Amino acid sequence: MRTRFAPSPTGPLHFGSVRTALFAWLAARHAGGAFILRIEDTDQERYIPGVEALIIETLRWLGLEWDEGPETGGPHGPYMQSERTELYRTHAADLVRGGAAYWCTCTPERLAAMRDEQRARHEPTRYDRRCLGRQDEVERERRAGTAAVLRLLMPPGTTEWDDIVRGRVSFDNAEIDDQVLLKSDGFPTYHLAVVVDDHLMDVTHVIRADEWIPSTPKHLALYTALRWDPPRFAHVPPVLDTDGHKLSKRRGARNVLEYGELGYVPSAVVNAMALLGWSSGTDEEVFTPDDLCRRFTLERIHPAPAVFDPKRLDDLNGVHIRRMDVEELVEALEFHLPGTSKDTRRRLVPLLRERIVTLADATRLAEPLLGEPVRDDSIEFPPKGVSDDVAGALLDACIAAVEAGGLDDLEQLRETLRHDVDERGVKARVAFRVLFIAVLGSPVGLPVFDSMAFLGQETTLARLRTARTRLLRSSRNGA
RNA sequence: GGCCCCAUCGUCUAGUGGUCAGGACACCGGCCUUUCACGCCGGUAACGCCGGUUCGAUCCCGGCUGGGGCUACCA
């Protein structure tokens with residue numbers, strides 16, 4: 001099996017377009033086949049420089065490596081359509097010779113007027129073949145320099161194919177327009193280029209968005225005219241946003257690369273994408289890329305459009321993070337805990353792992369351990385349910401214990417302090433908020449005794465004493 | 001206007017001519033617990049509508065409705 005992903009460099013990749021690439025990649029990997037990357041840059045007007053670099057970076061980040069394509073090369077190159085124009089012209093000439101295509105010099109104005117009339121008559125809009133009956137004349141016009149396009153002569157009859165995700169699809173050819181194959185600037189349209197390239201690159205399975213279904217009969221007609229065996233088609237449904245609209249650049253669909261900056265890990269993004277429109281048929285839903293390669297088949301793609309739910313990605317991201325081993329996480333966290341050493345991160349990971357949804361959460365959570373905790377006076381201190389006396393006694397006990405080396409045995413330290421507050425009739429879960437605020441600056445956050453151990457005796461004592469002082473001052477003011 | 005695609009909880013989905021219509025996320029309870037989180041237990045929640053075929057339809061067929069797409073010298 002040979003599949004390809006053929007994006008046009010008109011903007012960065014979003015979740016929907018990458019999911020199509022993922023499906024093509026998975027299908028190839030599952031079958032032990034090849035995955036090809038080809039850049040469809042035949043539209044000179046919409047081309048945005050630099051975007052192909054972005055596309056390449058996105059696929060690499062996700063681990064969707066291609067066997068043939070830009071940068072890696074391959075036996076069927078070049079893999080940029082703009083460098084293959086000679087190929088398209090050659091095959092266009094074949095089509096003309098075989099009577100499957102003809103030149104047309106109709107102006108855009110005439111074409112527009114023609115369509116308006118057809119629409120008014122409730123007919124399908126398609127070229128009326130005016131130029132087909134006057135080819136000698138058209139030839140003279142072309143020689144004289146009149147702009148001309150090459151059109152496919154759509155044969156009569158019906159076109160049918162067995163789509164891997166849709167089943168049998170069929171069209172009445174009479175409804176299909178004589179598609180422009182070569183534009184007047186000499187560049188091919190998508191329709192000619194895609195057929196020539198897919199065939200020359202030996203693509204066996206065309207996996208693309210279902211918006212291409214209506215033009216598939218044109219492509220099939222081209223395969224027939226060129227006497228080539230057509231590939232199998234799998235038209236995959238679109239990914240919708242929460243409002244039910246198709247994901248698009250225009251509607252602000254996020255560049256997939258941004259998910260990395262936001263702290264999502266590639267394996268989770270891949271997992272979430274795969275689950276949009278595909279299921280394993282079992283109850284399992286957490287998969288590594290390797291798992292997916294093993295289990296993915298095109299036949300199990302659900303034909304209905306899918307709404308992308310960011311909550312699902314969050315969940316999966318947390319799961320994938322929790323499944324990473326310490327060293328992987330130490331590596332992954334480098335960007336979000338800037339300036340930390342590997343060893344620091346190694347000590348932080350056990351505290352963070354269970355409580356971050358994205359890697360970026362680590363920045364906020366670890367902050368009080370990496371810098372000074374910011375005192376937030378909107379946080380009640382001592383907290384509700386804890387008297388000044390109890391808070392003071394707890395801090396004193398904690399200070400004394402830490403001075404005596406209590407951080408060497410956190411379990412023991414905790415039990416001692418818990419016993420103390422218990423005797424004063426206060427629940428540890430309530431009283432310990434004093435410690436949280438003292439050490440972390442907030443009543444919620446990382447486990448407080450582990451945090452003390454991370455900070456070390458000196459820093460811990462400093463923070464406890466600062467809190468103790470703050471307490472004295474406030475109770476004096478209060479009295 | 002013409003043509004095409006799609007339709008199961010809020011979301012992603014499984015599913016069969018006879019099922020208590022299953023799972024996951026989210027949500028709501030509870031447990032665990034030094035906070036938070038993790039984890040565990042439980043709960044709310046779906047076959048769009050109308051016909052037909054059939055002893056019986058979520059499942060097969062048709063229509064409708066709804067959503068999406070194509071209808072360019074864009075992809």
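The structure displayed is predicted, hence computed values, not measured ones. In the text below, chain A, chain B and the rest are named by the order of the sequence lines, each starting its count at 1.
- As judged by a 4.0 angstrom heavy-atom cut-off over every strand, A:Val448 is placed among the base-contacting residues.
- Listed pair A:Lys384 / B:rU35 fails the phosphate criterion, with no side-chain N or O lying under 4.0 Å from OP1 or OP2.
- Figure legend. B:rC27 is base-paired to B:rG43; pairs are counted as Watson-Crick or G-U wobble with both atom distances under 3.5 Å.
- Among B:rU11, B:rA72, B:rG2, the nucleotide with an atom closest to any side-chain atom of A:Asp309 is B:rU11.
- A:Arg364 comes within contact range of no nucleotide atom at all, as no heavy-atom separation falls under 4.0 Å.
- Residues A:Glu285 and A:Arg312 are paired through a salt bridge, judged by an N-O separation under 4.0 Å between the basic side chain and the carboxylate.
- Among the protein residues, A:Ser184 comes within range of the nucleic acid bases, having at least one heavy atom under 4.0 Å from a base atom.
- Across B:rG23, B:rU35, B:rC73, the shortest atom-to-atom separation from the side chain of A:Val180 is found for B:rC73.
- Under 4.0 angstrom from either OP1 or OP2 of B:rU35 there lies at least one side-chain N or O belonging to A:Arg429.
- Atom CG of A:Asp241 is separated from atom P of B:rG67 by 15 Å (rounded to the nearest Å).
- You'll find a donor-acceptor pair under 3.5 Å spanning the side chain of A:Arg355 and the base of B:rC36, going by distance alone.
- B:rA21 and B:rG48 are spaced 15 Å apart, taking the P atom of each and rounding to whole Å.
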Worked verdict on A:Phe23 versus A:Trp278 for ring pair (Phe, Tyr, Trp, His ring centres under 6.0 Å): CA-CA 9 Å; A:Phe23 283 174; A:Trp278 176 84; 7.9 Å; no
Step-by-step side chain to side chain contact (heavy atoms under 4.5 Å, CB included) determination, A:Tyr190 to A:His219: CA-CA 10 Å; A:Tyr190 168 83; A:His219 304 163; 3.7 Å; yes
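- Comparing B:rC6, B:rG69, B:rC73 by their closest approach to the side chain of A:Pro214 singles out B:rG69.
- Distance from the side chain of A:Arg166 is smallest for B:rC5 among the nucleotides B:rC73, B:rC5, B:rU13.
- Counting any heavy atom pair closer than 4.0 Å across all strands shown, A:Ile356 reaches no nucleic acid atom.
- Comparing A:Trp278 and A:Gln81 against RNA chain B, the residue whose closest nucleotide sits nearer the 5' end is A:Trp278.
- The residues A:Arg166 and A:Asp210 are annotated as salt-bridged, a charged nitrogen and a carboxylate oxygen being separated by less than 4.0 angstrom.
- Closest approach to the A:Lys183 side chain among B:rC12, B:rC36, B:rC73 is made by B:rC73 (side chain taken as heavy atoms from C-beta onward).
- Counting any heavy atom pair closer than 4.0 Å across all strands shown, A:Ala306 reaches sugar-phosphate atoms only and no base atom.
- Among the protein residues, A:Glu123 comes within range of the nucleic acid bases, having at least one heavy atom under 4.0 Å from a base atom.
- When the nearest nucleotides of RNA chain B are assigned to A:Lys246 and A:Pro108 by heavy-atom distance, the more 5′-ward of the two goes with A:Lys246.
- Residue contacts for A:Arg433: at a heavy-atom cut-off of 4.0 Å it reaches no nucleic acid atom on any strand shown.
- Across all strands, A:Pro303 comes closer than 4.0 Å only to sugar-phosphate atoms, never to a base (heavy-atom distances).
- Summarising the base pairing, B:rC74 is matched to no nucleotide, lacking a Watson-Crick or G-U wobble pair whose two defining distances lie under 3.5 Å.
- Taking 4.0 Å as the cut-off between side-chain N and carboxylate O, A:Asp377 and A:Arg470 count as a salt-bridged pair.
- In this structure, A:Glu211 reaches the bases: a heavy-atom distance under 4.0 Å links it to at least one base atom across the strands shown.
- A donor-acceptor contact under 3.5 Å is formed by the side chain of A:Glu285 with the base of B:rG23.
- Using a 4.0 Å heavy-atom criterion, one finds that A:Thr42 contacts the sugar-phosphate atoms exclusively.
- Contact annotation: A:Thr125 side-chain N/O to B:rG2 OP1/OP2 distance is not under 4.0 Å.
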